There are 2 protein chains.
Amino acid sequence: MANIREIAKIAGVSVTTVSRVLNNHPYVSDDKRDAVLRAMEETNYQRNINAVHLSKGVTFLIGVVIPFTNHPYFGLLVEGIATEAVKNNYKLVLIQTNYEEDREIEALKMLQHKQIDALIICSRICEWNIINEYASYGPIVLCEDSRGHNVSSTFIDHYKSFIKALEYLHSKGHKNIGYCIGRKSGANSKRRENAYKDFLEKINEKFDPNYIFYNCLKFEDGVQVVQQLMNMSNPPTALLITSDIVAAGILTYCKDQAIVIPDNLAIMGFDNQPIAKIMHITTLEIPLVKIGSKLFLQAIDPIKNSHEEIYVKLIERQTV
Amino acid sequence: MANIREIAKIAGVSVTTVSRVLNNHPYVSDDKRDAVLRAMEETNYQRNINAVHLSKGVTFLIGVVIPFTNHPYFGLLVEGIATEAVKNNYKLVLIQTNYEEDREIEALKMLQHKQIDALIICSRICEWNIINEYASYGPIVLCEDSRGHNVSSTFIDHYKSFIKALEYLHSKGHKNIGYCIGRKSGANSKRRENAYKDFLEKINEKFDPNYIFYNCLKFEDGVQVVQQLMNMSNPPTALLITSDIVAAGILTYCKDQAIVIPDNLAIMGFDNQPIAKIMHITTLEIPLVKIGSKLFLQAIDPIKNSHEEIYVKLIERQTV
């Protein structure tokens, strides 16, 4: 492939002139410009876009850190991010972490090394001191309450949302309430656990660690939850499930096992995904696509350190 | 940020020497190497990775063209691609096309401009002459039978698979068979339509365009299919549905409307996604994650023009 030195030689001009033509610099005579363009055509010159980005300092790439690529919660967030990226002529670099810290650090290094213009972290693993250190290299946007840090964020208050859901179940006569969640660690999981414990204290119920079901991420994870419930001597009468898709799996498997919903078990989902509507699942609406869209706009916004809280809404259907 | 000229000045060496140290070139004295490393430390020098990629000609980025980010079929393909990318220390640039040709061309241009090392097209829009033109710039891998073109591919023979499914439904006594599909255009859709028409001819049934249901992509799309069926005077007695998730939506909404499966309507899915197992949906297993994994390995394989056919498997459950 021809480089600009060869173009210069063929056109009989200096390398500087070629560079000026490429960058639309005004001080080039028409003759020289024509000679350069002719030489470029002759040699089928392809400009290396990385060289262009290098000189301009932008890549039009935004990094997106997600734990898994194929999960409805992150799927909806990425849908919102991607829709806005398409509109703004950006492309996304997907960094799948499997919740391994090293992979998140790799993503932060892409920001440091200017391979991406900004980084959106959908679910954080690294401690704040690490995030704050890399935030000096470029915009970082998070999907959790990040006020007080050198980043932007769009977030749900998971403590408040959890209390809201628990109070609703309690108002329907439930005291033995359990919950299903994706992972044990992580800032959002901790907030929910705190809300759960505070709520139990308030209603004078004892905390039972068996009432928390971890690793609930997919439809098929509902099967193990129901199997565990069936083996408990004193199972919860209501379940708060942090993903509608898992709630749908639980509901489907309960029907299989002749467990009547909501009489034997009340089920409350999270997100208000389309599956919740069709299966009549009572849920807490979280506008994930809208959140994704806002995360993207914060990533390309020159104003740093903006924070927006998104509110959830209770959707009453037939499973509580 | 310091550049290598400044490093050279501080270290009292030539720019060439700095460059040699950065590239681990052997012919640098220990003294000079130490001086350069000290200067880099002093100035907190950050190497611009784009410059490194520029000199090495690799980016460790693979482009992935998908029509939508949040769809279970492409979700599983991307899961396979991403898993293999993580293992091989590559990252993915996601290009969402919404089935717009311009966006696919943008992705092809990323390959031309060396922004990515290879391009995987999960669902093609552009005509072959365009794809073949860009294939001269770098590896392109497709998820459809691409033998005879300057690319690699891992594919299902959708004609054969469709015939297999239709023959199974026919063997169960169905003659009025309809099908649900994502989009009307596209190579795979055409192959399926041809298989459908050839099959009808073989069993001496007349083709009825109303028996094809388009825009069936998501769980909730099942609702409109069932509503259309309920308004038909002579509805199909069996449906072949090219996505388990749509089949699950149809099944769920049928139960709502007291349509008994399989007595009133036989349902056959595609993919064998987890939801098909839990909802006992008869389906044709397509190992999408495995296909995704193979697509990625073909993208980084120096051997071009490899083609692999993946075979489907009939999974009998309770909906036919």
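Just so you know, these numbers come straight off a predicted model, no measurement behind them. Just so it is clear: chains get the letters A, B, ... in the order the sequence lines come, proteins before strands, and each one is counted from 1.
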* To do: Quick one: which of K218(B), M279(B), H280(B) has the most heavy-atom pairs under 4.5 Å with chain A, could you say?
  =>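 Highest number of pairs under 4.5 Å: H280(B).
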
* Considering heavy atoms only, which positions within residues 74-91 of chain B lie below 4.5 Å of chain A? ->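 Under the 4.5 Å heavy-atom cut-off, G75(B), L76(B), V78(B), E79(B), A82(B), T83(B), V86(B), N89(B), K91(B) qualify.
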
* Structure fact -> Taking a cut-off of under 4.5 angstrom between non-hydrogen atoms, the residues of residues 220-230 of chain A near chain B are E220(A), V223(A)

Answer whether the closest heavy-atom distance between the side chains of [X] and [Y] falls below 4.5 Å.
X: F60(B); Y: Q115(A); result: no
X: V93(B); Y: L92(A); result: no
X: D256(B); Y: I278(A); result: no

* What residues form a side chain to side chain donor-acceptor pair (under 3.5 Å) with Q257(A), not counting sequence neighbours? ->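 Here the qualifying residues are Y253(A).
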
* Asked: Can you list the residues that meet the ring pair (Phe, Tyr, Trp, His ring centres under 6.0 Å) rule with F68(A), with sequence neighbours excluded?
  ->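 Checked F68(A) against ring pair (Phe, Tyr, Trp, His ring centres under 6.0 Å); matches are Y99(A).
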
Side chain, backbone, both or neither: which part of [X] has a heavy atom under 4.5 Å from chain A?
X: K277(B); answer: neither
X: L94(B); answer: both
X: I275(B); answer: both

* Name the member of Q273(A), R103(A), Q96(A) that forms the most heavy-atom pairs with chain B at distances under 4.5 Å. => R103(A)

* Check the surroundings of atom NZ in K255(B): do more than 12 heavy atoms from other residues, nucleotides or ligands lie under 6.0 Å from it? =>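 Result for NZ/K255(B): open.
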
